[in-house]
Amino acid sequence: MSAIAIKYNDEIVDLVTAEERGIEGEEIELDNSPESLDVLRHSTAHLMAQAIKSLYPDAEFYVGPTVKEGFYYDFKTESEIGEGDLKKIEKQMLSFAKKKYKIEKYEISMDEAKVKFADDHLKLAVMERIPDDIVSIYKQGEFEDLCRGPHLPSIGLIRYFKLTKIAGAYLGGDSKNEMLTRIYGIAFATKDALKAHMDMLAEAAKRDHRKIGNEMKLFTFREEVGAGFPIWLPAGGRLRARLESLLFKAHRKRGYEPVRGPEMLRSDLWKTSGHYQNYGENMYFTKIDDIEFGVKPMNCVGHIKVYEDELHSYRDLPIKYFEYGVVHRHELTGALHGLFRVREFTQDDAHIFCTVDQIEEQIIEVVDFVDKIMSTFNFEYKMMISTKPEKAVGDAEVWEKSEAALIAAMEAHNLPYTIDEGGGAFYGPKIDIKILDAIGREWQCGTIQLDNNLPARFELEYNGEDNEKIQPVMIHRAILGSFERFIGILTEHYAGEFPMFIAPTQVAIVPVAETHKEYAKLLSDKLIDINADSEIYAKNDSLNKRIRTAEKTRVPMIVVLGDEEIENKTVSIRDRRTREQYTISEEEFLTLIQTKINEVNF
RNA sequence: GCCGACAUAGCUCAGUUGGCUAGAGCAGCUGAUUUGUAAUCAGCAGGCCCGGGGUUCAAAUCCUCGUGUCGGCACCA
């Protein structure tokens with residue numbers, strides 16, 4: 001196989017450019033390496049543009065870069081293009097690829113380029129952003145495009161690709177601008193790699209929590225209830241209750257006190273906190289007796305009111321309040337997505353009030369808490385420090401100090417992190433925890449936010465050693481983020497095959513015949529005594545059918561009870577997780593279930 | 001919010017260019033059967049075809065305005 005590009009001083013340079021510049025370097029072949037795929041996908045984007053231009057001659061093109069999941073091209077045409085047209089475009093791409101046009105390159109001045117693309121207002125917009133005087137043009141057959149490359153030597157090399165979705169996208173990523181059509185695609189060097197990718201997408205679709213949530217009857221949404229308001233069904237309710245109770249204990253062990261603030265508070269308080277000014281458009285308000293109330297979008301204000309209920313001494317700090325706080329945020333309709341983005345959700349929220357000196361240890365303690373929970377669910381995770389955003393309250397100095405404190409805590413404990421400039425909350429910088437699920441997707445869940453602003457705005461204080469009034473630091477933190485989102489992620493992570501300790505039902509009991517029902521009930525009661533939920537499948541169906549029905553609920557364990565079991569005081573187990581079948585004594589069985597339920601080390 | 005697609009029974013889906021009483025499988029109910037590890041058989045019931053408005057002799061089907069869902073964009077305290 002011959003080279004498609006070279007690597008010159010860490011730069012990927014295509015063959016035409018290398019020849020033009022008279023340089024040599026390590027050869028890059030057409031394979032599935034990241035460098036190679038990047039070139040391939042970029043050229044595939046051009047091939048797609050070529051096909052679109054031939055099918056829709058009025059099309060104007062903006063940019064067509066490669067992204068993590070392939071490539072896209074943004075363009076505009078008067079014709080209506082829908083999902084059904086993707087096949088047509090693919091076909092056209094293949095027919096161009098068969099012609100094996102060489103991809104040629106030449107350079108012209110910016111002024112010449114502006115004349116050349118004078119009738120394409122999108123290309124002109126692209127050129128506005130390029131500072132250079134000379135630009136390069138890539139040409140394949142009749143099609144020419146302004147581009148910096150690198151590209152394949154020929155479009156004949158493009159064989160294994162697929163157009164995946166069509167969508168709208170704002171010009172330049174700015175919602176003030178016009179909207180263009182965007183088509184996404186993916187390309188690989190080999191057929192197998194393309195197939196593996198498509199299989200992976202199918203696997204992700206199978207794990208979709210909305211699909212599994214419906215199948216397992218965990219939760220639902222209803223049009224008449226309103227968009228973004230989840231309804232928890234019994235199975236989901238049981239799962240959630242288990243998670244809540246495990247987490248409750250974990251908080252108590254770490255010295256958190258359960259508290260609870262009201263669902264709505266007077267608007268004046270949201271003005272003090274700054275939420276009214278910064279996020280008012282996303283809050284729900286109501287007016288009663290001429291007093292305006294805002295439904296809480298966060299729990300901090302309630303916890304501040306708890307703090308204010310008594311005077312505090314430096315000896316009391318840190319003070320940690322936690323609450324499974326229900327919050328409402330009016331998300332834009334287009335942002336709603338299953339349990340991942342909803343308008344009402346419950347945060348595992350806590351606020352730590354501490355002294356400046358305690359910041360580091362408190363942050364480390366929370367990070368450790370996060371680690372315990374994430375490892376229990378077999379999640380790997382990354383941490384990211386987010387700094388001051390555009391919309392922010394408080395002065396620059398406070399911000400700098402807070403950001404420095406977060407970085408210092410991470411550095412002091414050699415914890416790896418990255419920085420997200422401008423990603424902080426409006427009242428303080430934060431550490432975000434991003435978890436990686438079973439199929440390698442990233443999710444943002446927990447967050448640790450350092451806040452000097454709300455304590456100042458609410459004039460919080462404690463008495464210091466010399467009886468002076470000192471302002472405490474407030475740390476906002478959530479580990480799961482919200483129960484909704486986290487359960488959605490868990491569902492996809494486990495593909496609905498939840499571990500025993502959070503599964504909606506621990507055991508399905510299938511009595512062989514009518515006469516065994518009584519024993520099944522006795523066993524079910526014993527399971528309740530060890531905090532395990534079970535369900536008896538005693539309907540008038542065949543044994544096979546009932547086992548099938550039980551399997552379809554994804555219950556971790558099925559036990560079959562018949563004459564043999566009753567006689568020997570045993571249970572016949574069908575373990576869905578290990579796919580094994582075996583018989584053990586009833587006593588051993590109960591111990592086994594108990595062990596599996598306690599397999600948690602929060 | 002923006003671009004595009006979609007909405008038929010509890011669930012998953014059929015339903016031709018507008019034209020008979022809107023169909024199927026699963027789930028549900030009633031019987032028969034009493035089962036040893038992934039679907040026993042038969043019968044019954046189940047629908048304001050998302051909601052308003054309109055076009056038409058005639059609308060699940062066409063138009064329009066909502067609502068909701070999906071794919072992205074933008075947003076995410």
Side-chain angles (χ1 to χ4, degrees), chain A residues 69 72 74 76 80-85 164-184 208 210-211 214-215 217 220-229 270 273-283 296-300 327 329-338 340-343 347 386 389 391-393 423-428 430 432 444 447 449 451 454 476 481 485 508 510-517 537-552 558-565 572-574 576 581 583:
Chain A
E69 286 296 294
Y72 67 78
D74 282 352
K76 195 179 172 174
E80 295 239 321
I81 301 188
E83 223 152 300
D85 298 310
T164 49
K165 46 201 161 196
I166 180 162
Y170 292 111
L171 189 155
D174 188 334
S175 59
K176 289 194 237 12
N177 291 339
E178 66 180 307
M179 189 153 254
L180 310 175
T181 302
R182 172 176 295 181
I183 295 180
Y184 284 91
D208 192 311
R210 293 167 298 188
K211 181 177 176 306
N214 181 30
E215 287 166 7
K217 298 216 165 285
T220 188
F221 290 92
R222 300 192 70 102
E223 185 178 344
E224 69 270 28
V225 170
F229 295 116
W270 301 117
S273 72
H275 288 92
Y276 200 91
Q277 302 82 324
N278 286 287
Y279 288 95
E281 72 272 25
N282 293 323
M283 285 178 64
K296 66 174 175 174
M298 292 209 88
N299 308 295
C300 6
V327 296
R329 297 179 184 180
H330 191 266
E331 303 285 0
L332 292 175
T333 48
L336 301 174
H337 181 106
F340 288 166
R341 277 293 279 283
V342 287
R343 286 177 173 163
Q347 297 178 306
S386 304
K391 268 189 185 178
V393 296
F426 76 85
Y427 43 73
K430 58 179 180 173
D432 280 330
Q444 142 91 65
T447 176
Q449 309 178 353
D451 181 3
L454 291 185
H476 308 246
R485 196 174 155 75
V510 186
V512 173
E514 193 82 36
T515 48
H516 312 121
K517 266 165 87 172
Y537 287 76
K539 246 187 58 180
N540 185 12
D541 275 328
S542 68
L543 179 73
N544 280 350
K545 177 66 180 293
R546 285 177 289 138
I547 285 170
R548 178 183 155 84
T549 310
E551 285 280 2
K552 288 187 83 168
I558 298 176
V559 308
V560 177
L561 301 176
D563 288 337
E564 284 173 39
E565 286 76 18
S572 169
I573 294 178
R574 216 184 128 98
R576 186 174 161 83
Q581 248 184 66
T583 301

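Bear in mind that the values here come from a model prediction, so they are computed numbers and not experimental data.
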S.K.: Given that both distances must come in under 3.5 Å, which nucleotide forms a Watson-Crick or G-U wobble pair with B/rA42?
M.R.: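 Partner of B/rA42: B/rU30.
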
S.K.: With a 4.0 Å cutoff (strictly under), does any side-chain N or O of A/Lys545 reach OP1 or OP2 of B/rA27?
M.R.: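 Yes, because at least one side-chain N or O of A/Lys545 sits under 4.0 Å from OP1 or OP2 of B/rA27.
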
S.K.: Would you say the base of B/rA39 and the side-chain of A/Arg546 have a donor-acceptor pair closer than 3.5 Å?
M.R.: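 There is none.
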
S.K.: Are OP1 or OP2 of B/rA38 and a side-chain N or O of A/Arg574 less than 4.0 angstrom apart?
M.R.: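 Yes, A/Arg574 has a side-chain N/O under 4.0 Å of OP1/OP2 on B/rA38.
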
S.K.: Closer than 4.0 Å, any side-chain N/O of A/Arg210 to the OP1 or OP2 of B/rC70?
M.R.: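 Answer yes for this pair, as a side-chain N or O of A/Arg210 is under 4.0 Å from OP1 or OP2.
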
S.K.: If you only use heavy atoms from C-beta on, which nucleotide in B/rA77, B/rC73, B/rU12 is closest to the side chain of A/Asn282?
M.R.: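 In terms of side-chain proximity for A/Asn282, the closest of B/rA77, B/rC73, B/rU12 is B/rA77.
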
S.K.: Distance check, P atoms only: B/rU12 and B/rG53, in whole angstrom units.
M.R.: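 28 Å, rounded to whole Å.
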
S.K.: Any strand counts, and the cut-off is 3.5 Å on both contacts for Watson-Crick or G-U wobble. Which nucleotide pairs with B/rU17?
M.R.: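 Looking at the geometry, B/rU17 pairs with no nucleotide.
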
S.K.: Does the structure show a Watson-Crick or G-U wobble partner for B/rG36, both distances under 3.5 Å? Name it, or say none.
M.R.: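 No nucleotide pairs with B/rG36.
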
S.K.: Which word best sums up how the rings of A/Tyr427 and A/His476 line up, parallel for under 30°, tilted for 30 to 60°, or perpendicular for over 60°?
M.R.: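 A/Tyr427 vs A/His476 ring planes: parallel.
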
S.K.: With the side chain of A/Asn540 defined as its heavy atoms from C-beta on, choose the nearest nucleotide among B/rU37, B/rG1, B/rU33.
M.R.: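 Nearest to the side chain of A/Asn540 among the choices is B/rU33.
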
S.K.: Does a nitrogen or oxygen in the side chain of A/Asn544 sit under 4.0 Å from OP1 or OP2 of B/rA39?
M.R.: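 A/Asn544 to B/rA39 OP1/OP2: side-chain N or O found under 4.0 Å.
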
S.K.: Can a side chain N or O of A/Asn177 be found less than 4.0 Å away from OP1 or OP2 on B/rA74?
M.R.: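 For B/rA74, neither OP1 nor OP2 has a side-chain N or O of A/Asn177 closer than 4.0 Å.
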
S.K.: Need the pair for B/rA9. Rule: Watson-Crick or G-U wobble, both distances under 3.5 Å, any strand; none if unpaired.
M.R.: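 Check on B/rA9: unpaired, no WC or wobble geometry under 3.5 Å.
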
S.K.: Write down the distance separating the P atoms in B/rU8 and B/rU34, rounded off to the nearest Å.
M.R.: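 It comes out at 42 Å once rounded to the nearest Å.
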
S.K.: Taking atom types as they are modelled, is there a donor-acceptor pair under 3.5 Å from the base of B/rG72 to the side chain of A/Glu83?
M.R.: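 Side chain to base: no pair below 3.5 Å.
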
S.K.: Is the shortest side-chain N/O distance from A/Thr181 to OP1 or OP2 of B/rC3 below 4.0 Å?
M.R.: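 No, no such contact exists.
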
S.K.: Please report, rounded to the nearest Å, how far the C1' atom of B/rC73 is from the OH atom of A/Tyr170.
M.R.: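 Checked: the OH to C1' distance equals 6 Å.
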
S.K.: May I have the distance from A/Lys552 (atom NZ) to B/rC11 (atom P), rounded to whole angstrom?
M.R.: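 It works out to 16 Å between those atoms.
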
S.K.: State the CD1-CD distance between A/Ile558 and A/Gln581, to the nearest 0.5 angstrom.
M.R.: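 CD of A/Gln581 is found 9.5 Å from CD1 of A/Ile558.
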
S.K.: Ring-on-base stacking between A/Tyr279 and B/rA77, under 5.5 Å between centres and under 30° between planes: is it there?
M.R.: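 It does: the ring sits over the base of B/rA77.
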
S.K.: With a 3.5 Å limit on both atom pairs, tell me what B/rC73 is paired to, counting Watson-Crick and G-U wobble, or say none.
M.R.: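 WC or wobble partner is B/rG1.
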
S.K.: Do A/Arg341 side-chain and B/rC76 base share a donor-acceptor contact under 3.5 Å?
M.R.: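 In this structure, the two groups form a donor-acceptor pair.
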
S.K.: To the nearest angstrom, how far is A/Phe426 atom CZ from B/rA77 atom P?
M.R.: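 To the nearest whole Å, that distance equals 10 Å.
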
S.K.: Across all strands, who's sitting opposite B/rA58 as a Watson-Crick or G-U wobble pair, both distances under 3.5 Å?
M.R.: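 Answer to the pairing question: none, since B/rA58 forms no Watson-Crick or G-U pair.
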
S.K.: Quick one, A/His330 and A/Pro297 - any side-chain contact, counting heavy atoms below 4.5 Å?
M.R.: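 Sidechains of A/Pro297 and A/His330: no contact.
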
S.K.: Does atom NZ (A/Lys552) have a neighbourhood of more than 12 heavy atoms from anything else shown, all under 6.0 Å?
M.R.: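 At most 12 heavy atoms, drawn from other residues, nucleotides or ligands, come within 6.0 Å of this atom.
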
S.K.: From B/rA77, B/rG36, B/rA32, pick the nucleotide closest to the side chain of A/Val560?
M.R.: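 Among B/rA77, B/rG36, B/rA32, the one nearest the side chain of A/Val560 is B/rG36.
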
S.K.: Among B/rG71, B/rC73, B/rG68, which is the nearest nucleotide to the side chain of A/Glu223?
M.R.: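 That would be B/rG68.
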
S.K.: Can you tell me the pairing partner of B/rC50 across any strand shown, Watson-Crick or G-U wobble, with both distances under 3.5 angstrom?
M.R.: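 Paired with B/rG66.
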
